[in-house]
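To start, the structure itself, in structure tokens.
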Amino acid sequence: MTEHETVESPSVRPGVTLLKSWLNKNMKVLMSDGRVLVGIFLCTDKAGNVIIGSCNEFTADPDEEINFDLVPRLLGLAMVPGHHITKMWVDLNAEVVRANSPALD
């Protein structure tokens with residue numbers, strides 16, 4: 001490459017930036033059958049599937065007052081098919097990030 005040639009940097013896509021900001025954040029996923037999964041957002045793919053770590057499953061939303069006595073079922077690492085996701089919430093206020101997190105880059 002000569003000194004007059006320039007390499008254009010790839011444009012930053014806002015969707016990718018948003019997903020990177022969610023890495024290792026607490027998330028809640030409402031599924032099409034009414035179950036709610038709560039855990040740590042680890043990754044996604046082009047099909048909209050989501051991987052959640054340290055995942056707990058609830059039969060209803062644990063944040064609603066009427067469901068204060070729900071007992072979670074520990075799933076651990078869970079893959080949620082994108083077509084079953086009805087709604088997602090990400091806790092952007094959480095300051096807890098693992099030391100080796102890609103979100104720190």
Original post:
Taking atom CG of L70 and atom CD of E57, what is their separation to the nearest 0.5 Å?
Top reply: 11.0 Å
Original post:
What is the distance from atom CG of L18 to atom CZ of R13, rounded to the nearest 0.5 Å?
Top reply: 12.5 Å
Original post:
From L42 CG over to S54 OG, what is the distance, rounded to the nearest 0.5 angstrom?
Top reply: 7.5 Å
Subject >> F41 vs V50 side-chain heavy atoms within contact, under 4.5 Å >> reply: yes
**OP:** State yes or no: do L92 and M27 share one hydrophobic cluster built from I, L, V, M, F, W and Y residues joined by side-chain heavy-atom distances below 4.5 Å, directly or via other members?
**Re:** yes
Original post:
Within a strict 4.5 Å, meaning less than it, do heavy atoms of the W89 and N26 side chains meet?
Top reply: no
Original post:
V16 and L23: same hydrophobic cluster, using ILVMFWY side-chain contacts below 4.5 Å?
Top reply: no
Subject >> Beyond-backbone contact of T44 with N49, side-chain heavy atoms, under 4.5 angstrom >> reply: no
Original post:
If you look at every heavy atom in M88 and V29, which pair is closest and at what distance?
Top reply: CG-CG2, 4.0 Å
**OP:** Determine, using the 4.5 Å side-chain heavy-atom cutoff (strictly less than), whether L74 and L77 are members of one ILVMFWY cluster.
**Re:** no
Original post:
Out of I52, N56, D91, V38, which residue meets the side-chain contact (heavy atoms from CB on, under 4.5 Å) rule with K28?
Top reply: V38
Original post:
Is there a path of hydrophobic side-chain contacts, each under 4.5 Å between heavy atoms of I, L, V, M, F, W or Y residues, that connects I66 with V71?
Top reply: no
Subject >> Gap between atom CG of L75 and atom CZ of R35 - 0.5 Å precision >> reply: 8.0 Å
Original post:
Can you name the closest pair of heavy atoms from C55 and L37 and give their distance?
Top reply: SG-CB, 3.8 Å
Subject >> Interatomic spacing from CG in D63 to CZ in F58 - rounded to 0.5 Å >> reply: 8.5 Å
